[in-house]
Amino acid sequence: LLTGRIKNAVDKLTGAKRLSEKQVNKALREIRLALLEADVDPAVVKSFIKRLREKTLKAEVIKGLNPGETVLKIVYDELTDILGKNPPELKKGVVLLVGLQGTGKTTTIGKLANWLKKKGHSVAVSSTDIRRPAAMLQLKKLAQSVGVKYYDFEGYNDPIQIAREAVKKANEEGVEYLLLDTAGRLHIDEELMEELKKLKQEVNPSEVIYVADAMQGQEALPILKEFHEKLGLTGVVLTKMDGDARGGLALSVKEAVGVPIKFVGVGEKLEDLEPFYPDRMAQRILG
Amino acid sequence: FFKRSKLGEEFYEELEEILIKLDIGVDTAISLTEEVREKNFKSAEEVKEYLKGRFKEILSSCKGKFRLTRKPSVVLFVGINGSGKTTTIGKLAYKLTKEGKKVLIVACDTFRAAATEQLNEWANRANADFVGDKEGTDPGAVLYKGLKKAFEENYDTVLVDTAGRLHTKEHLLREMQKLVKIVKKFDEKGPEEILLVLDATIGQNSIKQAKLFSSAVDVSGIVLTKLDGTAKGGAIVAICKTLKIPVKFIGIGESIEDLEPFDVEKFVNAMFE
Ligand SMILES: Nc1nc2c(ncn2[C@@H]2O[C@H](COP(=O)(O)OP(=O)(O)OP(=O)(O)O)[C@@H](O)[C@H]2O)c(=O)[nH]1
Ligand SMILES: Nc1nc2c(ncn2[C@@H]2O[C@H](COP(=O)(O)OP(=O)(O)OP(=O)(O)O)[C@@H](O)[C@H]2O)c(=O)[nH]1
Ligand SMILES: [Mg+2]
Ligand SMILES: [Mg+2]
């Protein structure tokens with residue numbers, strides 16, 4: 001179960017009875033590198049390791065475990081604790097999905113619609129993406145596969161107007177959830193971020209969900225922070241977790257921003273959506 | 001670029017972090033920091049210039065121009081989900097049709113919803129011809145139909161779109177290999193170019209992607225997309241160093257003209273801004 005750097009960290013400490021400062025520092029250096037390799041933000045790694053150092057130096061070797069295993073258990077528990085508390089639920093109303101280009105927003109809407117429908121809720125979906133070729137058709141097809149209402153605004157050229165009319169229709173039909181797709185955009189595109197702000201004001205969403213690719217590198221946290229600052233995120237979906245990215249963004253988000261990770265995308269099919277399990281994520285991040 | 005200008009232990013810690021933030025990977029960041037430490041430079045400015053030189057040296061060592069010499073020349077686009085393959089094909093087709101080339105676009109992503117329609121729209125915008133089929137059709141069958149048309153009707157270039165696939169899915173890598181085999185039925189050398197499309201926003205995982213894709217098929221070049229964002233795309237430094245695969249184009253936006261040939265100088269200078 002222990003591979004690579006963490007095994008190194010643990011082996012280095014085996015044979016000792018207490019956690020000496022020198023040994024702990026050596027182990028923590030390996031853990032620091034493991035977290036950086038998992039694409040955790042360096043500033044987050046720094047503060048996390050600092051807190052870990054305090055905990056491990058105060059700790060005594062746990063009964064039944066050697067010192068190396070004790071450090072590992074402390075790291076794992078701390079990580080699981082930070083990642084924890086993310087119930088896979090969405091407040092009823094308008095759910096707005098936002099994020100960079102190609103992260104999986106449109107597909108995730110299909111998956112969420114499927115999830116909510118299976119739980120017995122009434123769902124409608126609509127797209128404000130007037131930019132990407134065949135974006136609306138993509139969502140329409142997904143809606144048809146799931147079997148939920150799709151509000152078609154093909155031919156419209158104002159995302160705000162689409163949002164307004166979609167909400168109106170959802171209210172008239174009394175649906176519990178309206179999932180609204182948006183075009184992928186860069187956090188540094190002032191015009192498009194402003195458009196998103198206006199969109200949020202128009203629909204007054206119950207949830208603003210940021211869809212992030214689990215493989216995103218060192219810019220992942222700064223980008224998320226920018227979206228959070230401008231819109232106020234209520235949750236995150238981490239996609240493409242069926243790959244081998246360690247998903248360090250999960251730690252960065254919880255530690256630095258505190259927005260809960262509600263779901264995880266684990267494939268391309270509509271059933272490939274799971275709740276976020278902090279203990280599994282902790283193991284994955286540690287590699 | 002550097003917050004500290006005195007070369008103490010804290011400077012080297014900061015250097016390692018800065019290098020990691022470029023997405024060049026932890027191992028490369030550590031070894032480069034060690035390298036700089038041993039050089040014993042006198043100022044932060046010297047360190048910066050040294051690193052710029054190193055990056056330019058590494059990237060120049062695997063330069064490769066995008067050249068199409070066969071008629072028709074087949075270019076296969078592969079890569080993970082959402083990296084920008086379909087959009088890149090639209091951009092490249094536009095470049096080629098502007099040069100007077102007769103371009104055929106073949107839609108071999110028959111899996112994802114509206115993938116064929118999305119590519120068809122790009123073909124229209126690029127003034128290229130299009131071959132596709134409905135969702136669920138065997139991608140090999142569409143490829144065969146497209147290549148037959150290209151070879152019979154005197155096309156200059158065939159651009160083939162494929163479905164996004166994670167490098168960890170072996171059966172999907174095998175499907176990609178089958179497509180290359182089909183090209184070999186028409187041109188025994190196979191595609192003239194197999195372009196791996198990588199998203200600059202992705203971190204160290206790009207290195208794994210490049211490794212697994214290039215061990216499955218002969219990747220001849222990389223297109224690095226979404227460089228108009230804030231990610232520096234440093235993973236290509238490690239990819240170049242370990243796999244010797246050249247970057248041939250960069251994507252710098254979502255419009256049809258947003259494709260540029262890769263320029264080492266410009267890329268490295270932007271990295272160190
Ligand atoms: N393997 C895998 N692929 C996924 C997952 N989620 C989405 N995808 C794929 O990622 C690609 C992009 O998905 P989209 O839903 O089009 O992404 P998007 O964010 O709507 O893209 P834009 O609208 O262009 O910004 C598609 O090929 C999806 O099938 C996932 O969890 N795992
Ligand atoms: N900002 C920016 N966006 C890009 C660039 N290239 C592609 N995109 C966007 O990225 C998203 C995904 O592009 P696609 O061309 O659908 O990607 P793909 O690899 O074909 O996706 P799949 O077929 O689902 O695997 C779209 O929203 C594109 O507009 C680029 O260079 N810059
Ligand atoms: Mg979309
Ligand atoms: Mg595509």
Side-chain angles (χ1 to χ4, degrees), chain A residues 5 32-39 41-43 45-46 100-107 110 131-145 183-189 212-220 222-223 226 239-240 242-246 248-249 265 267-268 270, chain B residues 13-14 16-18 20-27 29-30 80-87 90 111-122 124-125 135 163-169 172 199-206 208-209 212 225-226 228-235 253-254:
Chain A
R5 295 200 185 277
R32 170 182 173 268
L33 291 177
L35 293 176
L36 288 172
E37 280 174 344
D39 279 325
D41 187 273
V45 174
K46 227 188 203 122
L100 293 176
Q101 292 90 347
T103 54
K105 296 175 292 301
T106 305
T107 308
R131 222 160 271 116
R132 170 173 156 156
M136 289 185 163
L137 181 64
Q138 183 185 2
L139 185 59
K140 183 175 185 181
K141 290 193 175 192
L142 293 176
Q144 283 170 351
S145 306
R185 67 203 62 216
L186 296 177
H187 56 307
I188 51 173
D189 189 324
D213 195 319
M215 304 175 249
Q216 279 168 0
Q218 288 296 322
E219 277 298 301
I223 294 170
E226 185 65 17
T239 62
K240 305 178 201 173
D242 43 318
D244 56 3
R246 303 254 291 276
L249 177 61
E268 299 188 65
L270 293 169
Chain B
E13 267 191 35
E14 189 205 351
E16 196 179 81
E17 266 193 30
I18 287 179
I20 286 172
K21 279 203 153 294
L22 295 176
D23 280 329
I24 63 171
V26 176
D27 288 337
I30 292 174
I80 67 156
N81 309 71
S83 59
K85 300 175 290 300
T86 304
T87 308
F111 172 77
R112 207 209 68 210
T116 297
E117 289 87 343
Q118 179 191 7
L119 187 61
N120 201 349
E121 173 59 22
W122 279 112
N124 292 337
R125 292 182 189 185
E135 202 179 303
R165 68 200 69 225
L166 290 186
H167 51 296
T168 49
K169 312 224 160 141
L172 294 182
D199 181 340
T201 324
I202 304 300
Q204 303 167 63
N205 199 265
S206 290
K208 285 211 198 93
Q209 291 173 27
L212 289 171
T225 62
K226 308 181 197 173
D228 45 317
T230 51
K232 302 294 187 176
E254 302 190 71

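Reckoned from all heavy atoms, side chains included, excluding hydrogens, waters and symmetry mates. Protein chains get the first letters and strands the later ones, always in sequence-line order, with residue 1 at the start of each.
Heavy-atom minimum distance, B:Ala113 versus A:Lys141: CB-CB, 4.1 Å. The two atoms that bring B:Asp228 and A:Ile188 nearest to each other are O-CD1, 3.5 Å, heavy atoms only. Taking every heavy atom of both residues into account, B:Ile20 and A:Leu36 meet most closely at CD1-CD1, 3.5 Å. The shortest heavy-atom contact between A:Glu268 and B:Gly164 is OE2-O, 3.7 Å.
Judged as a side chain to side chain contact (heavy atoms under 4.5 Å, CB included), and not counting sequence neighbours, the contacts of B:Leu166 are A:Met215, A:Asp242, B:Ile80, B:Asn81, B:Thr168, B:Lys169. Under the rule for a side chain to side chain contact (heavy atoms under 4.5 Å, CB included), the partners of A:Lys105 that lie at least two apart in sequence or sit in another chain are A:Thr103, A:Asp181, A:Thr182, A:Val211.
The parts of B:Lys21 that come within reach of chain A are both its backbone and its side chain, each placing non-hydrogen atoms under 4.5 angstrom from that chain.
Separating the CE atom in A:Met136 from the CD atom in B:Glu117 is a distance of 15.0 Å, to the nearest 0.5 Å. Taken to the nearest 0.5 Å, the OG1 atom of B:Thr230 stands 11.5 Å off from the CD atom of A:Gln218.
Using modelled atom types and a 3.5 Å distance limit, the side chains of B:Gln118 and A:Gln138 yield no donor-acceptor pair.
Ranked by heavy-atom pairs shorter than 4.5 Å toward chain A, the options B:Arg112, B:Glu16, B:Glu121 are led by B:Arg112. Of the listed residues (A:Ala220, A:Gly217, A:Ser145), the one with the most heavy-atom contacts under 4.5 Å to chain B is A:Gly217. Comparing A:Gly243, A:Ala38, A:Ala43, A:Pro222 by heavy-atom pairs within less than 4.5 Å of chain B, the highest count is held by A:Gly243.
For A:Glu219 and B:Lys226, the salt-bridge test fails: no basic side-chain N is under 4.0 Å from an acidic carboxylate O.
Without hydrogens or angle criteria, A:Gln101 side chain to B:Gly84 main chain gives no donor-acceptor distance under 3.5 Å.
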